[in-house]
Amino acid sequence: MWSLCRSNVLHKTLVAQLNTCCRLQAMKTAGKNLPKVYITRRIPPDGLKALQQAGSCEIEQWDSDDPVPRSELLKKVSGIHALYCLLTEKIDKEVLDAAGPSLTVVSTMSVGYDHLSLEELKNRGIRVGFTPDVLTEAVAELTIALLLATSRRLIEAVEEAKNGGWGTWKPLWMCGSGLTESTVGILGLGRIGEAIVNRLRPFGVNKFLYNDIAPREELAAKISVDFVSLEELAKQSDFLIVCCALTPETQGMCNKQLFSKMKRSAVFINTSRGAVVNQEDLYHALASGQIASAGLDVTVPEPLPTNHPLFKLKNCVILPHIASATVETRNAMAALAAHNLLAGLKGEAMPKELKL
Ligand SMILES: O=C(O)[C@H](O)CO
């Protein structure tokens, strides 16, 4: 099997082949006692290629596009040295206990790290890699797409066109709201917030506001956005875009208090984490007309059950957590996670290490 893999190295379909060859079994390099790595899912080819080409670890991988069952994960992590995981795996005390003291590196193929028990990792001296920057552009782009789809009612309009609701051209039909001369509020001004602002500016937005845990003066001055309180953000924004990390402080912060302060014409967009929003409160705000519409790329739970009340609302556009889903971005995330892991195993500085 190994020589078959090696001969494929020169072939242009290497990447796909590697995925196929390497999934089902641990790959050992004869005579070497290499550190063991467990990968919790099929990953984009550049990630596996980076790990393979390094030739410095023994890899085992969960052979599926779906998450590894928890019981399997608990079995497979025993005695590993590094874990390559995704945002769907909760890496907590139970997993770390099951892994044992050999585990020194956890590398997540995500910018978000709310699925990792940071305190547990820190206490055990386990280093953590994550994937900021490489997905910023893709997430910002999708946020704009979701905002336009929501504010200009694209999904409803497509349905109407397909299902006979089109009728004739009507002056008052399918009207949404435009970005020109609007006020856009950013909740959480980081890399992604900045990229969103830069993409929205050419639409003729009048004013950008933001709220964050603390003012980010340098960045805010660079991109001309004004810090306001959460209340002012809610009151003034025509479009309120959530792009903050999920932390104990941000959990559930978009709730009925916030929605009740927003304009009835406001559009609410979330591409961060579902748990930043109190979904029941959002449902009531949308159903009662407290706010005009919402576009969500993230929900609780994921996937959101198909019978969830939010799916019944015409003024709610729900995407299945695809903000970073471009081929290039997912490959870049996979490769960065691999390089973080390899550096961690060697005791070197990771390209992107989370400071614990
Ligand atoms: O945390 C992340 O990496 C994103 O949610 C993936 O799109």
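Note that ligands are numbered from 1 as they come in the structure, with each ligand's atoms numbered from 1 the same way. Reckoned from all heavy atoms, side chains included, excluding hydrogens, waters and symmetry mates.
- A salt bridge does not link Arg273 to Asp297: none of the charged side-chain nitrogens sits closer than 4.0 Å to a carboxylate oxygen.
- Counting non-hydrogen atoms of other residues, nucleotides and ligands closer than 6.0 Å to CD of Glu280 gives a total of 12 or fewer.
- For Arg124 and Thr104, the side-chain atoms include no donor-acceptor pair closer than 3.5 Å.
- Side-chain atoms of Gln236 and Lys207 include a donor-acceptor pair closer than 3.5 Å.
- Using a 3.5 Å distance cut-off with no hydrogens or angles, the side chains of His115 and Thr108 do pair a donor with an acceptor.
- Between the side chains of Thr183 and Ser237, no donor-acceptor pair of N or O atoms lies under 3.5 Å.
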One line per pair, note the atom names and distance for all nitrogen or oxygen contacts under 3.5 Å between ligand 1 and the protein.
residue	atom	partner	partner atom	Å
ligand 1	1 (O)	Val111	N	3.4
ligand 1	1 (O)	Gly112	N	2.8
ligand 1	1 (O)	Arg273	NH2	2.6
ligand 1	3 (O)	Val111	N	2.8
ligand 1	5 (O)	Arg273	NH1	2.7
ligand 1	5 (O)	His321	NE2	2.8
ligand 1	7 (O)	Ser324	OG	2.8

